[in-house]
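Comments concern the structure below.
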Amino acid sequence: MPKTGKTKPAKKPPELPPELSHKEYKDELYRLQVELVKLQRDIIAKDRKVLVILEGRDAAGKDGVVKRIVQHLSPRETRVVALGKPSDRQQSEWYFQRYTEHLPAAQELVLFNRSWYNRAGVERVMGFCTDEQYERFMMSVPQFEDMLVGSGIVLMKYYLDISKPEQKKRLDDRRKDPLKQWKISPIDDVAIKHWTSYSKARDAMLARTHSEAAPWSVVRADGKRHARLNIIRDLLCRIGYRGKPKDGIHPDHRILMRFEPALLQAGVLAK
């Protein structure tokens, strides 16, 4: 008789590290920001082109990460791209067209606070694109990113993942904070309502657009401090630069990990 194999249970996600005190966070952030300045000097000296893509649900913490990365860098060689709704003309263009003009030139570090992956997330869930447009995008984006990497761009992609309770808390806090009113959008109001649809869209995006040339890194971002520090550590870890500490700088893999399909069943990503 044939043996009936049992399905192996998915591995439990690693336990998160304890929260950092304000002093621990500030001291480590300062240390890493000094290293970012060294990295930028090297990017400029060697005519490098670096592109960082930050994706995640509404209130995942993308703005906070961007702020800490660019805080002490030269504004002449650092750009943050956060595009709004496309114009009527842009809607008729090749989908990637409005993003290409913002790609880094030599000596530049560019951060995309949301990117062409809007099509795989918000546009997919909210019905802002057709099924055909979505499929064409999902098939095209690995080729597009392969061309970017082939042209000499160092491309890093981060998905900041938060839990449903944490998103709800952050969105509620945002509505109450008079200094964050500019962050509120109609999309926020339905973010929780479409939670499951966003989860499915996230899983498909990661599985279909992760590649050797342009891999995804997943960041467990319920803890803002740990998320910010570990994204910076990962940037510093993956790019060589003059003056880098001899013992290296490494992210905590309980917080930041390279995407692999097994993560979709391991309970690491919020469902």
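Between Lys183 and Asp63 there is a salt bridge, since a side-chain N of the basic residue sits under 4.0 Å from a carboxylate O of the acidic one. Remark: Arg233 engages Glu28 in a salt bridge, criterion side-chain N to carboxylate O under 4.0 Å. Under a 4.0 Å N-O distance rule, the pair Arg114/Asp58 qualifies as a salt bridge.
Here the CD1 atom belonging to Ile69 is positioned 10.5 Å from the OG1 atom belonging to Thr78, to the nearest 0.5 angstrom.
In terms of the side chain to side chain donor-acceptor pair (under 3.5 Å) criterion, Arg258 has no residue partners (sequence neighbours excluded). Among residues two or more places apart in sequence or in another chain, the side chain to side chain contact (heavy atoms under 4.5 Å, CB included) test is passed with Pro261 by Phe259. Residues that satisfy the side chain to side chain contact (heavy atoms under 4.5 Å, CB included) test with Asp173, not counting sequence neighbours, are Lys169. Under the side chain to side chain contact (heavy atoms under 4.5 Å, CB included) criterion, Val125 pairs with His194, Ser197, Tyr198, Ala201, sequence neighbours left out. Residues passing the side chain to side chain donor-acceptor pair (under 3.5 Å) test with Gln167, sequence neighbours excluded: none. Considering only residues two or more places apart in sequence or on other chains, Asn118 meets the side chain to side chain donor-acceptor pair (under 3.5 Å) condition with none of them. Applying the ring pair (Phe, Tyr, Trp, His ring centres under 6.0 Å) test to Tyr159 and every residue at least two apart in sequence or in another chain returns nothing. Applying the side chain to side chain donor-acceptor pair (under 3.5 Å) criterion to Lys38, with sequence neighbours excluded, gives Glu35.
Judged by distance alone, the side chain of Arg220 and the main-chain N or O of Arg254 form a donor-acceptor pair under 3.5 Å.
The stretch residues 133-148 participates, sequence neighbours left out, in these salt bridge (charged side-chain N to carboxylate O under 4.0 Å, His left out) pairs: Glu135-Arg208, Glu145-Lys157. A ring-ring contact (aromatic ring centres under 6.0 Å, His included) check over residues 216-242, counting only residues at least two apart or in different chains, returns the pairs Tyr117-Trp216. Every pair passing salt bridge (charged side-chain N to carboxylate O under 4.0 Å, His left out) that includes a residue from residues 66-84 is listed here, sequence neighbours excluded: Arg79-Glu108.
Between Trp116 and Phe144, the ring center distance clears the sub-6.0 Å criterion.
Considering Tyr99, Tyr95, Trp94 as possible partners of Phe137, the one that fulfils the ring pair (Phe, Tyr, Trp, His ring centres under 6.0 Å) test is Tyr95.
Taking Ile, Leu, Val, Met, Phe, Trp and Tyr as hydrophobic and joining them when side-chain heavy atoms fall under 4.5 Å apart, one finds Val34 in a cluster with Tyr30.
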